[in-house]
Amino acid sequence: MKMRNIATLLCGVLFALNVAAQPAPVKNAAKAVFTLTTFKADGSLLASTHGVFIDANGTGVCDWAPFDGANRAVVMDANGKSLEVECILGANEIYDVAKIKVKGKTTAATIATTPATVGANIYLVGYSVKKPEIVGTTVSKVEMFMDKYAYYIIQMTAPENAVGCPFVNANGELIGFLQQSQYTTDYHSTDVNYIADFQVSGLTANDPVLRRTDIPTAIPDDKEQALLALMLAQQGNAPRYDKTIDMFVEKFPDLPDGYYARAQKAVNANDFAAAQKDMETAIKVATAKDEAHYDYARIIYQKELYKFDQSFPAWSLDKAIEEARQAYAILPLPLYRHLEAQILFSKKEYQQACDMFLELNKTEMRNQELFFEAAQCKTQLQAPKEEVIALLDSAINLFERPYPIDAATYFLYRANVQEEKGDYRKAVHDYNQVDTLLRGRLGADFYYKREQCEVKGKLFLQALEDIETATQLAPNEPLYVAEKASLQLRVNMKEEALANAQKAIDMDSEYSDAYLIKGLALIQLGKKKDGIAEMEKAKELGNDQAPGLIEKYK
């Protein structure tokens with residue numbers, strides 16, 4: 001017992017000497033240590049840890065884990081000052097590290113430029129607003145990764161709640177921070193240079209790890225990268241996107257894109273006054289005022305197109321046209337005229353819109369969409385089908401072969417016009433192109449529609465195949481089963497027609513067409529009395545064709 005007391009006393013003396021022997025620069029690092037607390041969306045506590053600032057502008061490093069699922073985060077610096085975490089500059093889940101940015105000026109630790117070696121004296125600097133606890137130890141093992149970064153293994157007895165506190169060398173330079181191992185009693189530390197080297201790009205916002213927190217990813221300094229980040233952030237959750245928009249506006253107040261993004265969200269929430277305020281601010285402060293007017297025209301147009309039932313007297317399609325024209329007056333881009341033409345189409349001013357679409361096709365903007373839009377104008381103007389088809393031909397001819405999926409819309413529209421014109425086989429050819437481009441994505445309604453056209457063109461074999469496909473895709477739809485029976489009757493497949501007519505009746509006992517087809521099938525099979533009885537049922541259910549057919553066969 002006496003020997004144990006002596007050993008314990010010696011350990012205490014050695015620990016005291018270790019603390020007392022700290023080089024002076026080590027204590028200075030304590031000024032850069034902070035505590036971090038993260039919160040859930042409901043305001044409840046999520047997690048807490050420590051970290052250390054690495055520059056005077058609020059950049060810090062810490063664990064990533066506390067941010068997973070966090071809605072907001074705050075730090076408290078060594079002076080007891082609370083600072084909001086503004087954004088994340090990068091993270092790695094494998095090493096459990098993150099680089100963050102807080103709002104405000106901070107005291108920073110100096111980062112070591114060379115890794116610590118095995119056996120080197122290092123110091124764990126605790127957090128305190130008064131006198132921080134500093135524990136000396138040595139590096140047990142060093143593993144290098146990515147050819148230049150160190151991963152430290154450290155065997156020591158650490159104070160409670162020291163996770164995230166920094167390790168510094170004898171010069172007080174930061175080498176990393178304390179991380180608890182999940183599998184051993186050892187501690188480890190990832191080289192702070194690895195975390196400090198995290199760079200934000202436009203694609204960082206798409207990092208699946210960072211998408212698990214509501215705290216937004218930092219906006220890149222490069223304008224084009226920042227615009228990409230803003231676009232990608234839209235695909236994430238709403239709280240993070242809101243914060244990203246605000247950061248973008250703060251960083252690039254002279255770009256209209258941030259105001260436009262925020263105005264879009266306001267319109268979606270029916271807060272048109274807020275959207276108006278943002279877009280008017282954009283026009284006032286944006287360097288590219290033509291873009292701001294164009295974006296304002298788009299916002300108004302979208303609202304009037306999709307939320308026309310929501311009253312906001314300050315906006316109208318005429319106001320949207322006015323903004324588009326102001327954009328064009330500042331910088332005469334075809335894009336701005338295109339928007340004006342689209343708005344005119346929505347106002348049902350089809351001739352003026354058509355003229356503008358065709359005029360734009362004489363500019364460098366010439367494309368398939370402009371011909372397609374002109375064709376739609378011609379349709380509304382009830383122009384001859386040949387004129388509409390000619391415009392659609394021009395649109396389709398601008399596609400390179402093999403045709404892209406986008407071309408399906410053009411072929412489908414032309415097929416409809418060809419069918420209305422009575423050129424059924426040409427229409428079927430276009431329907432076939434649609435089927436080729438969208439195979440596996442089309443529903444029963446498409447195959448039913450093509451079958452109807454094939455019947456008109458007397459392409460009965462193809463029609464039978466299509467109506468069979470329709471019944472397979474929608475097996476519980478009596479319309480398709482009855483149509484199949486009708487077509488089978490037409491090609492003298494009487495027994496099959498009778499069976500499918502009964503199948504349609506089993507699906508819907510009130511479906512008059514099915515009774516009519518069943519009656520016709522029975523008559524063709526020589527069962528006239530039974531067939532007329534089925535037609536009588538069709539007549540009772542209000543079928544318009546039944547009375548004439550009953551009279552005929554009686």
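What you see is a predicted model; the values in this text were computed from it and never measured. All values below were derived from every heavy atom in this structure, side-chain atoms included, with hydrogens, water molecules and symmetry-related copies excluded.
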Could you verify whether a donor N or O on one side chain and an acceptor N or O on the other, from [X] and [Y], lie under 3.5 Å apart?
X	Y	result
Thr379	Tyr350	no
Gln452	Glu483	yes
Asn432	Arg450	yes
Arg401	Tyr403	yes
Ser346	Tyr301	yes
Tyr151	Asp191	no
Gln380	Gln376	no
Tyr306	Gln302	no
Lys518	Gln502	yes
Tyr431	Asn416	yes
Glu322	His293	no

Measuring from atom [atom1] of [X] to atom [atom2] of [Y], what distance do you get when rounded to the nearest 0.5 angstrom?
X	Y	atom1	atom2	value
Tyr515	Leu522	OH	CG	13.0 Å
Leu317	Ile300	CG	CD1	9.5 Å
Lys484	Leu464	NZ	CG	8.5 Å
Leu487	Asp466	CG	CG	10.0 Å
Arg425	Lys456	CZ	NZ	14.5 Å
Asp222	Leu227	CG	CG	9.0 Å

task: Could you tell me whether the side chain of Phe372 reaches within less than 4.5 Å of the side chain of Leu391, counting heavy atoms only?
output: no

Heavy-atom side-chain contact between Ile283 and Tyr296 under 4.5 Å: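 Yes; the side chains approach each other to less than 4.5 Å.
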
- prompt: Can you list the residues that meet the side-chain contact (heavy atoms from CB on, under 4.5 Å) rule with Val209, with sequence neighbours excluded?
  reply: Trp64, Glu93, Asp207, Arg212

- prompt: What residues form a side-chain contact (heavy atoms from CB on, under 4.5 Å) with Ala499, not counting sequence neighbours?
  reply: none

task: Take Phe399 and Tyr410 through the ring pair (Phe, Tyr, Trp, His ring centres under 6.0 Å) test and state the conclusion after the steps.
output: CA-CA 10 Å; Phe399 284 107; Tyr410 299 80; 5.1 Å; yes

field: Test side-chain contact (heavy atoms from CB on, under 4.5 Å) applied to Thr59 and Ile100, step by step
entry: CA-CA 6 Å; Thr59 305; Ile100 65 172; over 6 Å; no

Backbone N or O of [Y] within a donor-acceptor pair of the [X] side chain at under 3.5 Å?
X	Y	value
Thr204	Ser201	yes
Asn500	Glu496	yes
Thr38	Pro66	yes
Lys265	Asp242	no

Does a salt bridge link [X] with [Y], judged by any charged N lying under 4.0 Å from a carboxylate O?
X	Y	result
Asp318	Lys347	yes
Lys537	Glu534	yes
Asp214	Arg240	no
Lys319	Glu323	yes
Asp246	Arg262	yes
Asp197	Lys99	no
Asp506	Lys503	no
Asp435	Arg439	yes

query: What are the two closest non-hydrogen atoms of Met279 and Ala292, and how far apart are they?
result: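 Residues Met279 and Ala292, closest heavy atoms: CE-O, 3.8 Å.
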
task: If the plane angle is over 60° it's perpendicular, under 30° parallel, otherwise tilted; pick one for Trp315 and Phe272.
output: tilted

- prompt: Relative to each other, are the rings of Phe198 and Tyr194 parallel, tilted or perpendicular (30° and 60° limits)?
  reply: perpendicular

query: Between His338 and Glu373, is a side chain to side chain donor-acceptor pair (under 3.5 Å) present by the stated rule, with each step listed?
result: CA-CA 10 Å; His338 184 216; Glu373 289 170 321; 2.7 Å; yes

